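To start, the structure under review is shown below, and the notes come after it.
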Amino acid sequence: MVDVHRALGGGSVADVLLWKKCHGGVLVLISATIFWCLFELAGYNLLSFVANVLLLLVVILFFWGKSASLLNRPLPPLPDMEISEESVVKASEALQVWINPALSIAHDIAHGRNLKLFLQVAIGLWIVSFIGSLFNFLTLVYIGVLLSLSVPLAYDKYQDSINPKLFRMHEILQKPYRKISDNLLKKIPILNKEKKID
């Protein structure tokens with residue numbers, strides 16, 4: 001039996017996804033729903049929204065600063081408006097973990113070294129393109145939020161009955177892949193040379 005909490009990282013994100021902290025899950029769900037309704041149903045534009053929020057913030061801070069100097073009140077409390085070098089290094093290290101494997105895959109595909117990897121990436125990108133043509137980006141993100149708040153919780157509760165069905169589905173999906181591999185991929189000389197070299 002898999003510990004879903006530990007598989008999700010075991011931190012506060014896992015608590016929110018598994019509804020251990022109900023207020024966090026409710027906050028994410030309500031805010032995602034509000035943003036989706038605002039941009040999708042009301043037809044509001046994301047760029048206009050960001051610009052209007054920043055404009056409101058700038059106007060509030062400006063008039064607060066002016067009134068503070070006129071009324072001898074304290075200036076608005078602002079944090080240090082600087083990004084530290086340490087936070088930039090941490091962010092770049094986190095990105096490096098994701099970007100380097102992707103660049104390695106792109107390098108292998110560009111040099112034509114791995115036909116199987118090329119086919120997997122091409123089919124994956126085609127599936128993403130197909131799904132993207134069915135929904136716009138914001139609706140797809142909203143569906144992703146809804147699924148991330150429901151699928152881990154359902155799997156955590158009903159894992160014993162879901163696992164056999166997942167294993168069976170995996171076996172069913174492997175049969176056509178094995179047929180393609182045996183009938184098509186093994187007959188391609190480039191793939192057979194790579195296996196002999198390795």
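Quick caveat: nothing in here was measured; it's all calculated off a predicted structure. Below, all heavy atoms of this structure are taken into account, side chains as well, without hydrogens, waters or symmetry copies.
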Can you get from [X] to [Y] by hopping between Ile, Leu, Val, Met, Phe, Trp and Tyr side chains that sit under 4.5 Å apart?
| X | Y | answer |
| --- | --- | --- |
| Leu147 | Leu140 | yes |
| Leu27 | Val16 | no |
| Val128 | Leu119 | no |
| Ile30 | Leu17 | yes |
| Leu41 | Leu138 | yes |

Rounded to the nearest 0.5 Å, what separation is found between the [atom1] atom of [X] and the [atom2] atom of [Y]?
| X | Y | atom1 | atom2 | answer |
| --- | --- | --- | --- | --- |
| Phe167 | Ile162 | CZ | CD1 | 12.0 Å |
| Lys66 | Phe62 | NZ | CZ | 5.0 Å |
| Leu38 | Ile34 | CG | CD1 | 9.0 Å |
| Phe35 | Glu40 | CZ | CD | 14.0 Å |
| Ile105 | Asn100 | CD1 | CG | 11.5 Å |
| Lys165 | Tyr158 | NZ | OH | 12.5 Å |

Measure from the side-chain N and O atoms of [X] to the backbone N and O of [Y], and report whether any donor-acceptor pair falls under 3.5 Å.
| X | Y | value |
| --- | --- | --- |
| Asp156 | Pro152 | no |
| Ser150 | Leu146 | yes |
| Ser129 | Leu125 | no |
| Thr33 | Leu29 | yes |

inquiry  = Is there a side-chain contact between Leu153 and Leu149 in this structure, where contact means two heavy atoms from C-beta onward sitting under 4.5 Å apart?
reply    = no
message = Do Leu166 and Tyr155 have side chains that approach each other closer than 4.5 Å (heavy atoms only, starting at C-beta)?
response =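 A side-chain contact under 4.5 Å exists here.
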message = Strictly below 4.0 Å, N to O, side chains only: are Glu93 and Lys90 in salt-bridge contact?
response =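 Looking at Glu93 and Lys90, the cut-off is not met.
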task = For a ring-ring contact (aromatic ring centres under 6.0 Å, His included) with Tyr142, tell me which candidate from Phe39, Trp36, Phe137 qualifies.
result = Trp36
request  = Answer with yes or no whether the side chains of Asn136 and Thr139 bring together a donor and an acceptor at under 3.5 Å.
outcome  = yes
request  = Search all heavy atoms of Pro101 against all heavy atoms of Trp98 and return the closest pair with its distance.
outcome  =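 Closest pair (atom of Pro101, atom of Trp98, distance): CD-O, 3.6 Å.
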request  = Evaluate whether atom CD of Glu171 has more than 12 neighbouring non-hydrogen atoms of other residues, nucleotides or ligands under 6.0 angstrom away.
outcome  = yes
